[in-house]
Number of protein chains: 2
Amino acid sequence: MPSKRSPNPTVDRMGRECLAMRTRLLSRTVTSVYDEALRPLGVTIGQLNILAVVAKRGPIAQGEVAQFLSMEKSTMSRNVERMRQHGWLRQAPGGAGRQVLLEVSGSGRRMLNRAAPRWSEAQAEVSALLGKRWADALHGAADTIWNKLAEK
Amino acid sequence: MPSKRSPNPTVDRMGRECLAMRTRLLSRTVTSVYDEALRPLGVTIGQLNILAVVAKRGPIAQGEVAQFLSMEKSTMSRNVERMRQHGWLRQAPGGAGRQVLLEVSGSGRRMLNRAAPRWSEAQAEVSALLGKRWADALHGAADTIWNKLAEK
DNA sequence: CTCCTTGTGTTGTATATACAACGATGGCGC
DNA sequence: GCGCCATCGTTGTATATACAACACAAGGAG
């Protein structure tokens, strides 16, 4: 039932089918589940993702982490600064030019281990919320996008 | 090939399978396509979504728009303020208590019509990027979440 | 060696998001 | 009427994100 107030049919679609609106809704909802689970630890899911990537692949250049996560370099820069202040990350020696090599500190590793069970709970909660079908689909969609971004 | 630096297997999963990371990646990537298409008009996809909802259902209470879009009331409040300054939205008479009833102005309607073709292009571009399978899946996943949120 | 270019990070500015605290409005019991 | 209370919106503060401009380092052209 198109509204009398939207003579332009595209405007109706903008309010119902917009993929940006949909992905943003998903992102907000899903993120809040993880952040709520992690709040007692004082870490956000974004920081935890960075920490996990550096733990797995470090010492690694800051920009490489950003590229892997498809994050803007400025977002990464400010996040890294906060995480260094928390003592979870530190700069490793080496790195060509202005590169900043990152590695996880002992306290960062402890944080990862403390966060792991809470992350698992959040992951399970979101999987249940979405159902297996849509959870798998999100992985597929994200993989597709990630691969396209990697081509460039 | 688990890293020697991640003795905790959950940490490996955190860096590869985290649904928050995935949805945030999707949201950032998809949003940027729309915002790039809309930049010449000086409107963001978030604002356009609000405008479309108010156009279709207005006059409507600000909080109702927030609920429909599952947005935080404070995010909505500040967005509405900017959009009022742009002259796209205005407060309609009526509304119980402190409710703010919103409606789209003439200039808001013109913005919607100018933005419509660009929105369609962006929507097509993202659909092509994802492929029909994953684009449909995003709708399914978002619908599922939206319905769960509506139950509460 | 000097200049230029390129790669990498940082900083400025604006919007988006979340949570908590506050403020305002009107209803309701009495 | 008065005070309590529930609802709704705004404001404070912090993080997340994006884009542009800048800063810095290294290497190459000449």
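Only a predicted model underlies this, so the values are computations on that prediction, with no experimental measurement involved. So you know, we letter chains A, B, ... as the sequences are listed, proteins then strands, and number each from 1.
The OG1 atom of A/Thr44 lies 3.5 Å from the CD atom of A/Gln47; values are rounded to the nearest 0.5 Å.
Where A/Gly46 and B/Val100 each meet DNA chain D at their nearest nucleotide, the meeting point lying more 5' is that of B/Val100.
Crowding of A/Glu36 atom CD: a count of heavy atoms from other residues, nucleotides or ligands under 6.0 Å not exceeding 12. Atom CZ of A/Arg16 is surrounded by more than 12 heavy atoms from other residues, nucleotides or ligands within 6.0 Å.
Heavy-atom distances under 4.0 Å link DNA chain C to B/Met71, B/Glu72, B/Ser74, B/Thr75, B/Arg78, B/Asn79, B/Arg82 of residues 71-84 of chain B, given in residue order. Contacts between residues 110-122 of chain A and DNA chain D, counted as heavy-atom distances below 4.0 Å, involve no residue at all.
Contact between the side-chain N/O atoms of A/Arg24 and the OP1/OP2 oxygens of C/dT17 is found at a separation under 4.0 Å. Look at B/Arg28 and you won't find any side-chain N or O under 4.0 angstrom from OP1 or OP2 of C/dA16. Taking only side-chain nitrogens and oxygens, A/Gln62 comes nearer than 4.0 Å to OP1 or OP2 of C/dT10.
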| query | Under the side chain to side chain donor-acceptor pair (under 3.5 Å) criterion, do B/Gln91 and B/Arg84 qualify, and how do the steps go? | reply | CA-CA 9 Å; B/Gln91 183 164 4; B/Arg84 283 163 87 159; 3.3 Å; yes
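Judged by distance alone, with hydrogens and angles left aside, the side-chain atoms of B/Thr144 form no donor-acceptor pair with the main-chain N or O of A/Leu130 at under 3.5 Å. Looking at B/Ser105, its side chain does come within 3.5 Å of a backbone N or O of B/Gly87 through a donor-acceptor pair. Using modelled atom types, one side-chain atom of B/Thr31 and one backbone atom of B/Ser27 make a donor-acceptor pair closer than 3.5 Å. B/Trp146 places no side-chain N or O within donor-acceptor distance of the main-chain N or O of B/Ser70, the cut-off being under 3.5 Å.
Rounded to an integer number of Å, the gap from CD of A/Gln99 to P of C/dT6 is 18 Å. Protein atom CZ of B/Arg39 is 12 Å distant from nucleotide atom C1' of C/dA14, rounded to whole Å. Atom-to-atom, CZ of B/Phe68 to P of D/dC8 comes out at 18 Å; the value is rounded to the nearest Å. When rounded to the nearest whole Å, the span between CD of A/Gln67 and C1' of C/dG7 equals 12 Å.
The base of C/dG23 is paired with the side chain of B/Arg98 by a donor and an acceptor separated by under 3.5 Å.
Taking the six-membered ring for Trp and thresholds of 30 and 60 degrees, B/Trp119 and B/Tyr34 have ring planes inclined between 30 and 60 degrees apart.
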